[in-house]
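Quick note: residue numbers are just sequence positions, from 1. These numbers were taken from a predicted model, which means no experiment stands behind them. Counting starts at 1 for both ligands and their atoms, following the listed order.
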Amino acid sequence: MSSAKTVRAACPHDCPDTCAMRVTVEDGRVIRIQGDPDHPTTHGALCTKVSRYAERTAHPDRVLHPLRRVGPKGSGQFVRVSWDEALSDIAQWLKAIAAREPEAILPYSYAGTMGLVQGESMAMRFFHKLGASKLDRTICASAGSEALRLTYGGKVGMHVEHFAESRLILIWGSNSIASNLHFWTFAQAAKRNGAKLICIDPRHTETADKCHQHIALLPGTDGALALGLMRELIVGDWLDHDYIARHVEGFEALRDKAMAWTPERTAEECGISADEVRQLARDYATTKPAAIRLNYGMQRVRGGGNAVRLIALLPCLTGAWRHRAGGLLLSSSGWFPTDVTALQRPELLAGRTPRTINMSTIGDALLSGSSPSFGPKIEALIVYNSNPVAVAPESPKVLQGFQREDLFTVVLEHFMTDTADQADYVLPATTQLEHLDVHLSYGHTYALINEPAIAPVGEAKPNTQFFRELAARMGFAEPCFTDSDEAIARVAFRGDAVSFDALKAAGWIKLPLPEAPFAAGGFLTPSGKAVASAPGLEAPDYLPNYESVRSAPELGRRYPLAMISPPARNFLNSTFVNVTSLRAIEGEPVLEIHEGDAAARGITSGAMVRVFNDRGEYRCRAEVSPRARPGVVNGLGIWWRKLGPSGTNVNEVTHQRLTDIGRAPSFYDCLVDVAAVP
Ligand code: SF4
């Protein structure tokens with residue numbers, strides 16, 4: 001007799017939508033995965049990627065058993081070993097290093113799962129107890145996150161549902177159709193109700209196709225555009241003086257700075273027309289309610305943090321926050337009462353203050369020797385929920401670091417990724433269908449539960465279980481190292497608003513928040529005001545700064561094309577690249593190039609090209625396309641290196657320089673040239 005059951009789940013991927021899922025299981029096999037039709041932001045629909053989650057989970061290439069390296073690093077020569085052997089050996093290595101220098105051990109993880117249990121709970125407890133180096137988790141969002149903290153006091157914004165009532169939506173730095181699909185549903189509803197949609201993005205994305213207008217500014221000039229808009233708001237007297245007086249700190253100082261940005265100067269800097277600047281300002285100021293859906297793509301440039309500060313101030317100057325369908329959304333994760341202390345137990349550090357290594361400069365870090373400024377050389381690396389060899393910038397250095405024969409590397413993974421290839425041990429990790437978790441979201445305001453649907457595949461273990469068992473072998477005796485996943489999930493959120501039992505019963509819980517959170521101010525800053533300029537921010541004037549993208553003309557002459565590397569539509573960072581049906585849709589790595597730039601180089605659509613600069617080169621197929629604006633090429637990512645035509649990917653040419661705020665990588669400040677491969 002059939003034993004079909006449906007399990008409540010949540011999508012774990014690094015996507016603002018955090019969909020609620022229903023997983024149907026029959027005889028221990030997943031037979032269907034659907035978006036939950038009752039969840040108010042999922043609307044019963046999953047994206048193409050996660051609709052294939054059963055295919056990914058049952059993929060014949062899953063790592064099913066612990067593997068130990070037997071050949072040279074990167075040779076792909078591994079033998080199957082038992083968990084017992086792997087854990088004992090890893091514990092021995094770590095004990096030996098920790099006895100000399102615990103900071104020589106480094107965790108490396110990011111948002112391979114966004115779950116609070118399988119992300120940074122037991123893992124962080126383990127590394128705190130060990131006294132390992134800390135990891136600054138900056139690779140995606142920290143410039144924008146820090147900018148929001150400076151301006152609003154936290155990662156907070158509008159409810160995504162209310163975009164449906166907006167009359168004007170600026171979709172800024174976001175290809176929503178590809179990477180924020182459920183926001184797009186609300187934007188479409190607004191469009192049907194007569195709202196105007198304006199896409200601001202260097203690339204003519206699939207989202208730009210569906211908007212009323214596309215403003216194709218040069219990468220890295222978003223801050224200049226925001227300053228130009230501010231000037232027009234001032235000159236047109238479109239400011240909400242009452243809102244500014246009550247709820248904005250330091251605007252007078254910013255006013256003088258903004259006044260220098262005439263439409264002509266703004267247009268020249270951004271590579272657009274002065275009329276576009278004027279009209280955008282008029283639309284934004286006079287259409288109410290007006291909302292901005294900002295996304296993280298635009299902050300992956302040197303000036304990304306200050307650009308977010310400037311854009312985040314726009315709805316404060318027009319008083320757009322007064323209406324629930326006005327304001328801005330970059331992240332909502334700061335609304336959640338996440339109990340980081342209970343999850344991660346920092347008291348296990350026992351007064352030690354290990355150094356912090358920035359994940360965005362892992363290439364340089366792995367190649368650094370011991371020194372007074374750096375501290376001890378990194379001797380051991382434990383990687384989970386991440387694939388740094390593919391996704392970290394300047395991958396020639398990252399790969400060289402991972403290939404150090406004196407580096408001991410453990411990788412928890414589902415598949416043999418570019419990073420797993422370089423490991424000493426590859427350990428099979430469970431997927432979202434095989435473990436328990438609870439989730440917040442950075443694109444909506446519902447907490448969710450993920451119940452395990454099936455037993456772990458092969459010998460896979462949840463991350464928590466790996467660290468639990470390793471802790472036991474290390475002799476860590478604190479009771480928190482025996483907490484079950486449910487015990488961890490129960491302490492993930494503070495207070496009563498989001499209890500585990502209620503999550504288990506309902507699947508998700510909407511946070512109790514005001515409809516229009518800043519209608520009467522009440523920002524999360526110390527003053528309760530949105531902050532334009534305040535003592536304690538960046539000297540000399542504590543104002544958001546804008547530095548021209550044309551500040552290195554010599555480099556611009558050698559490498560005249562700006563390259564951005566947004567995700568290919570059917571991949572999510574480097575996840576899903578090995579799912580056959582999705583890779584079949586993408587075909588092969590592609591560089592979109594404008595017809596003028598292509599003609600100047602004798603490049604035709606379909607030609608194999610090399611994309612190069614001083615750091616390296618990678619090869620891919622050129623697509624002469626109106627999606628690329630003149631002077632900018634779009635290297636769609638993030639392919640696994642080993643699946644690219646020359647065994648490299650787009651990060652072969654990106655660099656490790658950091659953003660102005662938040663210590664994040666500036667992937668999209670990347671100058672290159674392109675040539676046809678004969
Ligand atoms: S990747 Fe995003 S859109 Fe797709 S299912 Fe997950 S949360 Fe939903």
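At a threshold of 4.5 Å between non-hydrogen side-chain atoms, the residues F183 and S174 do not count as touching. Taking the side chain as every heavy atom from C-beta outward, E165 and H323 approach each other to under 4.5 Å.
Taking the six-membered ring where tryptophan is involved, the planes of H159 and H162 are tilted, since the angle between them lies from 30° to 60°.
Near ligand 1, heavy-atom contacts under 4.0 Å come from C11, C15, D17, T18, C19, L46, C47, V50, H182, L572.
For K642, the side chain to side chain contact (heavy atoms under 4.5 Å, CB included) partners at least two apart in sequence or on another chain are M416, D418, D421, W640.
Under the side chain to side chain contact (heavy atoms under 4.5 Å, CB included) rule, L636 has a single partner from R569, R627, E592, which is E592.
For F467 and Y384, the distance between ring centers is under 6.0 angstrom.
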